[in-house]
Amino acid sequence: MAQHSEDLFKSVISHAKEYGFIFPSSEIYDGLSAVYDYGQLGAVLKKNLRDYWWKSMVQMHQNIVGIDASIFMHPTVWKASGHVDAFNDPLIDNKDSKKRYRADVLIEDYVAKLDAKIQQEVEKAAKRFNPFDETLFKSTNPRIQEYLAKRLNTMERFKTAMESNDLNAVRDLIIDLEIVCPVSGTRNWTEVRQFNLMFSTSMGSVSEEASTLYLRPETAQGIFVNYLNVQKSGRLKLPFGIAQTGKAFRNEIVARQFIFRMREFEQMEMQFFVKPGSEMEWYEHWKTKRLQWHIRLGLGANLYRFHDHVKLAHYANAACDIEFNFPFGFKELEGIHSRTDFDLKQHEQYSGKKLQYFDSETNQHYTPYVVETSVGLDRLFLAVMSASLKEEQIEQDTRTVMQLPPFLAPYKAAILPLLKKDGLPEFSMTLLKSLQPYIELFYDEKDTVGKRYRRQDAIGTPYCITVDHQSLEDSTVTIRYRDTMHQERMHSTALLAFLTQNTGMATVLQGV
RNA sequence: GCGGAAGUAGCUCAAUUGGUAGAGCUCCAGCCUUCCAAGCUGGAGGUUGCGGGUUCGAGACCCGUCUUCCGCUCCA
């Protein structure tokens with residue numbers, strides 16, 4: 001990481017805290033690793049980003065609807081999706097080689113070695129004896145008996161340990177079997193740790209099996225399990241999309257880089273259901289469309305790039321990321337995946353329910369294919385903040401300004417009486433009250449006006465409205481532009497239209 | 001998890017060999033001010049991350065612990 005980028009990243013983090021955008025979670029208790037809270041300004045900025053996405057997807061598309069599925073889901077959902085089996089591995093590190101292994105794989109390799117030894121004995125014997133009875137030989141040869149007993153014993157112990165979730169027993173087994181690290185050749189092992197992707201919790205007092213619930217690791221499954229409900233109740237025809245924003249939870253092994261990788265985070269996902277065979281066309285469509293959506297934020301088109309996945313997940317037949325140039329380099333911001341019919345097929349199989357679509361044009365039943373767009377809201381937040389935060393040199397003075405896209409700014413304008421006397425605060429308050437129902441405003445009468453301008457610059461407020469003595473006479477005010485610091489005089493009755501036009505979302509959405 | 005660095009006021013940092021915890025900014029109450037920070041007066045704010053130990057005496061030395069940052073490792 002280049003020095004200036006590192007400094008930028010640090011200044012983004014401290015700026016976020018200093019001005020109430022993001023705080024470390026539970027900070028008075030020393031914080032909680034990789035968990036953050038959004039403060040009074042961060043919550044608004046985040047909400048505005050979520051609104052921009054939701055309106056772009058749902059409000060601007062007649063064939064996309066939005067839902068809000070719960071975080072808790074039936075445990076079988078995660079069996080069907082593959083999350084339970086794929087991310088439930090006991091891991092162990094060798095302290096000398098610093099290599100990490102799956103403990104179960106080490107044990108399986110050991111068992112495979114025993115099998116190979118048995119096979120060797122059998123082959124040797126086959127050459128010696130003729131005729132050769134393999135079954136008889138296996139059941140009588142003492143060496144093979146020893147191997148088989150060891151094998152059986154190992155498997156039993158491993159099975160018992162895994163079933164009772166006893167990771168210490170797994171480690172003991174590895175020690176007892178004298179398994180060495182293939183790289184360092186030593187037996188200097190750490191504890192066995194289970195890095196479950198999913199957080200689990202329990203619900204009620206139903207049967208033992210059903211009581212364990214998972215906090216969802218992705219919002220997508222809430223869409224898949226509701227797809228037929230939505231399609232039927234909304235009388236939707238292919239192609240159509242279901243959008244959703246919401247929290248997801250992943251127990252990352254190492255979670256770092258501020259809000260880039262958090263254990264609790266918010267996703268904005270849209271699953272687009274299409275006729276099989278048309279998925280690549282729609283994949284390309286959404287690739288283009290999603291990139292444009294990001295570029296429309298106005299942070300700079302050069303900050304984005306596509307990264308096509310070469311190695312595809314088993315369920316995808318095409319996948320790419322939209323990467324953003326964060327202070328720590330280009331990293332994934334949004335993923336676009338052609339997920340085929342994998343998820344719906346899995347849920348059909350596990351639930352035993354038909355999840356097919358009836359195409360009235362062709363008179364056919366089929367399972368739709370899915371194109372997914374999935375963006376991390378927190379990553380988007382970080383992208384916007386780090387690209388907006390600027391430090392300007394003005395003569396001997398430095399100005400810290402957050403050049404947020406105006407429609408995202410927590411406050412659209414600040415109302416500032418030039419002096420805290422002569423009736424200027426009263427006039428300002430009247431103005432504030434008349435505009436407040438329409439626009440998010442900030443009122444400040446403390447300190448010199450220059451200082452107040454700078455405070456607004458630091459939190460990204462695009463306009464400052466200053467009330468002076470002339471305002472009392474003719475109801476005009478000055479409006480000051482954040483990015484240029486220029487100001488012009490305007491009648492107070494023109495403010496609402498001006499601010500709506502320049503800080504509203506409508507103009508941006510028109511291009512979607 | 002391993003290795004390295006660092007934790008002192010809201011923020012940035014001082015504190016000589018171990019000898020009374022301080023400054024600037026911020027914040028609060030006023031004063032002064034007719035458009036771009038750092039004018040004046042007064043005030044608040046700390047169990048030096050936490051717990052032990054050595055010492056007459058610890059912010060400093062020793063041990064433990066927690067957190068953060070950097071690198072490695074992992075990441076559907």
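Taking the side chain of A:Y36 as heavy atoms from C-beta on, and the options B:C69, B:C70, B:U34, the nearest nucleotide is B:C69. Residue A:K17 has its side chain nearest to B:C11 when only B:C35, B:C11, B:U34 are considered. With B:A76, B:C36, B:C35 as the choices, the nucleotide that has an atom nearest any side-chain atom of A:H83 turns out to be B:A76.
If you take atom C1' in B:A29 and the same atom in B:G53, they sit 46 Å apart, rounded to whole Å. Between B:C75 and B:U48, the distance separating the two P atoms is 44 Å to the nearest Å.
Scored by the salt bridge (charged side-chain N to carboxylate O under 4.0 Å, His left out) test, A:D308 finds A:K287 as partners (sequence neighbours excluded). Listed by chain and number, the residues in a side-chain contact (heavy atoms from CB on, under 4.5 Å) with A:R305 are A:E323, A:F330 (sequence neighbours excluded). Every residue two or more places apart in sequence or in another chain that forms a salt bridge (charged side-chain N to carboxylate O under 4.0 Å, His left out) with A:E392 is listed here: A:R399.
Shown for residues 442-455 of chain A: residues whose heavy atoms fall under 4.0 angstrom of RNA chain B, namely A:K446, A:V449, A:G450, A:K451, A:Y453, A:R454, A:R455.
Evaluation of atom-type donor-acceptor distances gives a pair under 3.5 Å for the side chain of A:Q487 against the base of B:C35. At a cut-off of 3.5 angstrom, counting only N and O atoms as typed in the model, there is no donor on one side facing an acceptor on the other between the side-chain of A:R399 and the base of B:C36.
We find that A:D321 and A:K331 are not joined by a salt bridge, their nearest charged nitrogen and carboxylate oxygen being 4.0 Å or further apart.
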Output a table of nitrogen or oxygen pairs between the protein and nucleotides 42-44 of chain B separated by less than 3.5 Å.
none

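A donor-acceptor contact closer than 3.5 angstrom links the side chains of A:R489 and A:T476.
Within the structure, salt bridge (charged side-chain N to carboxylate O under 4.0 Å, His left out) pairs that include any residue of residues 475-484 of chain A comprise A:D457-A:R480 (at least two apart or interchain).
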Exercise. Under the side chain to side chain contact (heavy atoms under 4.5 Å, CB included) criterion, do A:F72 and A:L215 qualify, and how do the steps go?
Worked result: CA-CA 6 Å; A:F72 292 149; A:L215 303 186; 3.6 Å; yes
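A perpendicular orientation is assigned to the rings of A:W286 and A:F272, their planes being inclined by more than 60° (bins at 30° and 60°).
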